[in-house]
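Chain naming here is simple, since letters A, B, ... match the order of the sequence lines and numbering starts at 1 in each. Below, each value reflects all heavy atoms present in this structure, side chains not excepted, and no hydrogens, waters or symmetry copies.
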Number of protein chains: 4
Amino acid sequence: MHSRTSAPRATGGRPRSATADAAILAATRAALVEVGWSKLTLGDVATRAGVAKTTLYRRWAGKNELVVDAVAALFDELELPDRGSLAADIEGVVLQFAAILARPEAKSGLMAVVAESIHDDALRDRIRASIVERQKLLVLEGRARAQQRGELPEESDPEAASRTADLIFDVIAGAVVHRALVSAEPVDTDWTRSFTRLLLNGLTASATA
Amino acid sequence: MHSRTSAPRATGGRPRSATADAAILAATRAALVEVGWSKLTLGDVATRAGVAKTTLYRRWAGKNELVVDAVAALFDELELPDRGSLAADIEGVVLQFAAILARPEAKSGLMAVVAESIHDDALRDRIRASIVERQKLLVLEGRARAQQRGELPEESDPEAASRTADLIFDVIAGAVVHRALVSAEPVDTDWTRSFTRLLLNGLTASATA
Amino acid sequence: MHSRTSAPRATGGRPRSATADAAILAATRAALVEVGWSKLTLGDVATRAGVAKTTLYRRWAGKNELVVDAVAALFDELELPDRGSLAADIEGVVLQFAAILARPEAKSGLMAVVAESIHDDALRDRIRASIVERQKLLVLEGRARAQQRGELPEESDPEAASRTADLIFDVIAGAVVHRALVSAEPVDTDWTRSFTRLLLNGLTASATA
Amino acid sequence: MHSRTSAPRATGGRPRSATADAAILAATRAALVEVGWSKLTLGDVATRAGVAKTTLYRRWAGKNELVVDAVAALFDELELPDRGSLAADIEGVVLQFAAILARPEAKSGLMAVVAESIHDDALRDRIRASIVERQKLLVLEGRARAQQRGELPEESDPEAASRTADLIFDVIAGAVVHRALVSAEPVDTDWTRSFTRLLLNGLTASATA
DNA sequence: AAATAACCGAGACGGTACGTCATGTCTTGTA
DNA sequence: TACAAGACATGACGTACCGTCTCGGTTATTT
């Protein structure tokens, strides 16, 4: 599902323990909750998972890669249920996103790996593939659904459409993350409704402008 | 200017070197550029600054506090020049903000200390005091100026006004940071204009709604 | 041979390097010669031995324990060859003892660890077990041999015999150490002959008194 | 009385505090008792003495010199009261010497500075001048007194006399120190009487041989 | 069934950085 | 000029983690 270090599976030999992966990722999340990213050590994760350090290093290249995978799993539950209107869809996905960000393992891990990714291109690609792109798909899916409903016009220029989707994605994800992690204020229904109204008004007014 | 760890001075004894502070903060920024946050070591910063490690620990409690102060200084240059219209003011401040975020010492340091602040309340307060609140003031200043110009109505309910300012701040700061650091795309004039139009349309439409 | 800090081995895991011990002790003696006890650093010893500092601390609790073991090995060569008479035996062992004390690694280390042992009971026991008791055995062996030769009478009271042996040991070891390290004069054959005559005359006269 | 770092007493300016010297030496002895030589720090001594570190360094070159002076003062009380016979004189001085060595500040300090002196010629001279030579004078004084009493013959060869005195000094001081510090057994009247008998028998028998 | 090959736990290994401590020097203000 | 106070550069301390390695042993597949 989420990409690993590699798949050097030869032919013979004892296969890797299937349960070890899950135990390691769970232990990583538990450690993130308790000690945070900077004090998380791979030796401690291995001990928590009941696994040798070598087993861990055989599967992941280092702390960053491990944490990305551990955090990415949290975003698996993100989806876009049809709530009947674009506004309701946005509010729903914002609240889902915020619920994930409220979990301490997500808070600790996500920002840290993003920070690390600034100096590590491979890590940035890994984050993009396993976390960011999946979120962006929701934006595209929501727009398509809104266009089907007639809430949004069909876009003729595909490049402009892409740019707009990127903008909307940065606005939604950025505002929610900033509210949750920097301002450290709750993303509750009140805030979500205000934010959604601001965004939708901006979108429709811009579209007609 | 920005708060330090230690109490200022009791009496007696050799006073702390005034030049050391500046040298250390500059060395910290240089190290952030070259090696990034996670590989930055205080011993290396001390060497770069031509200062003993103890001198550094006498002034800052640790890596996080030091980096906050080093990065905070970058935001000293943020201001809100009057460009004649709310749209121009927003565009101006967004581009200024983006220019700071484009500097590698800001990129490396900012996200990392925000990530650390999740498990460290004192650090969060330090970030808020020396970075976040100063940014938020620009939002308040811009709104006041727009109200003087008649571009925005006076708000009667002060609490609602505060909530709206918070929302706008999270949207602006969040979107710019997300674009610059997560999406890793340039915050150029095109993007800034699109974003500003979206925001202003959302604001005015919401206000009349 | 001489006792170490750690318990030998539980099970599992990579075994401790056998060569590392010898390399560390040799490096310790080399460092004692070059820089003396007070300027000897464990980091330097590790470097000289081509070993990590952690490897050193895994085996010894600190500088004192390490130096005791390093110096104790020097006394392994002390023995009591049969030279035909009590006088010749004493002269032989005194010269052997003095030859060891003349080596700079012994000079530097021995007095220092004895000084440290005054505030460290465990260290005192370690010194006693690995250095002092072995020397005292030579006294007992020499007396037994002299009694076989008829040079000394058999002692009837075992407790008095033990007290006398302790006295002789303190006189021999004390005089040689004081001459070599405090007075800093050579323990040559002249001195050794004079000392042995004094001691033997004292012994035989005392025994008949 | 005991030599200091130097006597750079210029003409003008505030004179050195006379009480500071005594306070520092007393604080040094107190620290020796509590923490031993290796953990004694000059900063701690200064604090105990209610004195600034600079004041301490103005008077002594370092830890070793300070400890020598602090310990040397303990030996000021050593003297050779006339007890009527050589045996009684020796027993008396041995017990006096042992009483000083039983004090923890002497134990901790004396051996340590002797150990240091092996790599520091200036320190050896200082120890010799302020401690060792004074002890050796007692041997010479005791011999002269015994010769006056007719217990020992007058020596014709002055060089041989000097060698014998050195030997006796090393035997007495060495045996007592070894018994007290290495064997860590009490130097009580029983031991002292046995030792004195051994020594005197050896001396008189050797002299007639 | 035996051989092979990759897995597993445990833990020692060479490194690097940590944050603290002591050294001996210096720079203040006060006496 | 001495003094108390305390900041300073230097360098060792003992600890923690890193990522690698070497053990003895354990499953699987492949002969």
Nearest-nucleotide check on DNA chain F, Tyr57(C) vs Ala18(B); residue mapping nearer the 5' end is Ala18(B)
Check the distance between dC18(F)'s C1' and Trp60(A)'s CH2 and give it to me in whole angstrom.
-> 18 Å
Would you please name every residue forming a salt bridge (Lys or Arg N to Asp or Glu O under 4.0 Å) with Glu105(B), sequence neighbours left out?
-> Arg103(B)
CA sep, side-chain torsions, deciding dist, call: Ile24(A), Trp60(A), side chain to side chain contact (heavy atoms under 4.5 Å, CB included) = CA-CA 10 Å; Ile24(A) 291 169; Trp60(A) 285 277; 3.7 Å; yes
Does Arg16(B) put a side-chain nitrogen or oxygen below 4.0 Å from OP1 or OP2 of dA5(F)?
-> no
Return the residues of residues 46-54 of chain D meeting this criterion: a heavy atom under 4.0 Å from some atom of DNA chain F. Order them by number, or give none.
-> Gly50(D), Val51(D), Ala52(D), Thr54(D)
Think Ser17(A) has a side-chain N or O under 4.0 angstrom from the OP1 or OP2 of dC7(E)?
-> no
When you get a sec, tell me which of dT22(F), dA7(F), dG19(E) is the closest nucleotide to the side chain of Arg14(C)?
-> dT22(F)
Between Thr41(B) and dA17(E), is there a side-chain N or O to OP1/OP2 distance below 4.0 Å?
-> no
When the nearest nucleotide of DNA chain F is assigned to Asp44(C) and to Lys63(A) on a heavy-atom basis, which residue is associated with the more 5' position?
-> Asp44(C)
Do Ile131(C) and Leu110(C) come close enough that some side-chain heavy atom pair is under 4.5 Å?
-> yes
Residue whose closest nucleotide on DNA chain E lies nearer the 5' end, Thr55(C) versus Leu42(B) | Thr55(C)
Nearest-angstrom distance from the residue atom CG of Asn64(A) to P of dC18(F) = 11 Å
Side chain to side chain contact (heavy atoms under 4.5 Å, CB included) involving Thr19(D) - partner list, sequence neighbours excluded = Ser17(D)
Under 4.0 Å between a side-chain N or O of Arg58(D) and OP1 or OP2 of dG24(E)?
-> no
Using atom NZ of Lys39(A) as one end and atom C1' of dC18(F) as the other, report the distance to the nearest whole Å.
-> 18 Å
Which residues satisfy the side chain to side chain contact (heavy atoms under 4.5 Å, CB included) test with Thr47(A), sequence neighbours excluded?
-> none
How would you list, by chain and number, every residue that makes a side chain to side chain donor-acceptor pair (under 3.5 Å) with Ser108(D), sequence neighbours excluded?
-> His119(C)
Let me know the distance between CG of Leu56(A) and P of dC17(F), rounded to the nearest Å.
-> 15 Å
With a 4.0 Å heavy-atom cut-off, tell me which residues in residues 29-38 of chain B come close to DNA chain E, sorted by residue number.
-> none
Asp120(D): salt bridge (Lys or Arg N to Asp or Glu O under 4.0 Å) partners, not counting sequence neighbours | none
Residues in side chain to side chain donor-acceptor pair (under 3.5 Å) contact with Ser117(C), at least two apart in sequence or another chain | none
Glu65(A) CD to dG19(F) C1', straight-line distance once rounded to whole Å = 13 Å
For residues 29-39 of chain C, which residue pairs qualify under side chain to side chain donor-acceptor pair (under 3.5 Å), counting only residues two or more places apart or in two chains?
-> Glu34(C)-Arg48(C), Ser38(C)-Glu116(D)
